[in-house]
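Since the structure comes first, as structure tokens, the remarks are kept for the end.
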Amino acid sequence: MRIPDNYNNNNPYRLIFGFHWNGGTANDVDSGGSSGFTWSYYGLRQLANNTAIFVAPQGLNNGWANSGGQDLTFVDDMIRLIEADLCVDTTQLFAGGFSYGGGMSYALACARATVFRAVAVYSGAQLSGCSGGTQPIAYIGLHGLRDNVLNISLGRSLRDTFVRNNGCTAQNPPEPAQGSLTHVVTAYSGCRSGYPVVWAAFDGGHTPGPVDGSTADDGARTWTKAVVWNFFNQFQSTNDTTPPTAPGTPAVSNVTATSATLTWTASTDQGGSGLAGYNVYREQGATDPLLGQSTTNSITLTGLTAETQYQVYVRARDGAGNLSANSAFVTFTTASTGGDITPPTAPAGLAASGTTAGSTNLSWTASTDDVGVTGYDILRAPGATGGTFAQVGTSATTSFSDTGLTPSTTYRYQVRARDAAGNVSPVSDTVQVTTTTGGGTGACTATPTVQTQWGTGYVIQPLTITNTSTSTITSWTVTFTLPAGHTLTGSWNATVTTSGQTVTAKSVSHNGTLAPGASTTSFGFQASRPDGNTALPSGYTCTSA
């Protein structure tokens, strides 16, 4: 067991279990083997920087057979002993392990989902059983395409258990090509709040420490430790009893007969669990009904009654469920329908064009209405099948450009029309697009993907660099701008410098050379931001040599 150097018995700490592989030992996990401290507890001890308690259990016969549930009992007894003697945040228990240790971590996810906050399974399989296996838990799986000990299909099966349990949108996440020596990290969409699922596939074998651009297994250089630590670190204590500050006075705009848009100054949260979102209420006597919820400082309320006065206010909520004081009231009156109860016709001829790695252009034939069409809602769903259509934008014309898409990803679109009375048309036919692996002008492009974000920070992983020229490039340089108040706190697989809010990232030896059309997904970074500030970096440019 490793206790923080600056341990304070009044400060609750995360408790992280590291399980060894078949034939491995607790000492192997604790020491980090030939990589030393940089790989202690799969590299998490270094990144935790004295903010967590680490435990490496020793399995019977150097394994985790969990016969009769004895290894689960062993973990239960360890937790009881440690929590009785040390100051542990009981909402912040984590487990991770490689191979047999991954199987044991999966068994804990199945049987102790209400005890552990999240697990990381490195190249695992169902080796230690799965008692229960029906409750949600935050889950990250990492697996090699060419794993000849535990085939990657076994890892996918474990992952899919928690895709279902966590209510995530089913998909076949992208995985790197064999021979690419790269990795792809995918965060599933649609998961229950607080229960994300992440899948990290890499072009390699049976190892917890792959290195992009190499066949080496190196705990000092691997990308897995940053990805797993960032996954664990997004979860904040739910022992938080401090509510967020009250939101600013809402401003109202775009009032129709059935809808209105509200915006307000964001709240801040100092309790540690992070700002989770906002509730919007209608002032209506003893019981104020909830009109809607938003994760940002704006919302469009729908389903309102025409010619009706509304007095509304906003309350912020944090990750522990604490609610702020009420904002000031704002009062508005919805418009008259003018007797118009006829919806517009459905838009026709929906088509996509100019699809690149990060965007697509939509166009359609105008709807008709007995009074007049005022605009269109653009709806998008992930994948070729399944998933839920959600509004991603509006347009006052018969075209729309959707940006910020993920390369090599399939999306489906629909459009619906609105009139001044708030009547909504049926949706159009569906059009399907698949983004390319590269696009834009110049020799290379940089396409960011938000892996995860929380109230005070976020991780961009990967920042996909694509060679869009007709010849091989040997290096690339990416620049981008951090929003005001944001600070870079970490990066990997690039040489990074900052000047004010401008960040410059240059390729390193193993990821600078790209053939025409080829991409690298090895570079990523983490940044901190003021709580409640939801802005993200912008102005990505890429140059090459």
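Here the structure is a predicted model, which is why all the values come from computation and not from measurement.
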Exercise. On the 0 to 90° scale, with breaks at 30° and 60°, tag the His206-Phe98 ring pair as parallel, tilted or perpendicular.
Key: tilted
Quiz prompt | Between Tyr7 and Asp5, a side-chain donor and acceptor under 3.5 Å | solution = no
Quiz prompt | Over 12 non-hydrogen atoms of neighbours within 6.0 angstrom of CG in Asn6 | solution = yes
Quiz item: Judged by modelled atom types alone, do His20 and Tyr100 share a side-chain donor-acceptor pair under 3.5 Å?
Solution: no
Quiz item: Is the CG atom of Asn172 crowded by more than 12 outside heavy atoms at less than 6.0 Å?
Solution: no
Quiz item: With a 3.5 Å cut-off and no angle check, do the side chains of Thr520 and Ser522 form a donor-acceptor pair?
Solution: yes
Exercise. Look at the side chain of Ser180 and the backbone N and O of Pro176, then say whether any donor-acceptor pair between them is shorter than 3.5 Å.
Key: no
Exercise. Dump the intermediate steps for ring-ring contact (aromatic ring centres under 6.0 Å, His included) on Phe480 and Phe525, then the final yes or no.
Key: CA-CA 12 Å; Phe480 55 91; Phe525 64 90; 4.7 Å; yes
Self-check item: Test: Arg14 and Asp89 ion pair at under 4.0 Å
Solution: no
Quiz item: Hey, are Arg221 and Asn493 close enough side-chain-wise for a donor-acceptor pair under 3.5 Å?
Solution: no
Quiz prompt | Distance-only donor-acceptor check, side chains Arg317 and Asn279, under 3.5 Å | solution = yes
Quiz item: Pick from Thr224, Val119, Val227, Val185: which one makes a side chain to side chain contact (heavy atoms under 4.5 Å, CB included) with Ile140?
Solution: Val227
Quiz item: Got a second to check how far Gln171's CD is from Trp199's CH2, nearest 0.5 Å?
Solution: 12.0 Å
Exercise. Could you tell me whether the side chain of Asp217 and the main chain of Pro208 form a donor-acceptor pair under 3.5 Å?
Key: no
Quiz prompt | Donor-acceptor side-chain pairing of Asp28 and Thr25 below 3.5 angstrom | solution = yes
Quiz item: Looking only at side chains, do Thr161 and Tyr106 share a donor and an acceptor under 3.5 Å apart?
Solution: yes
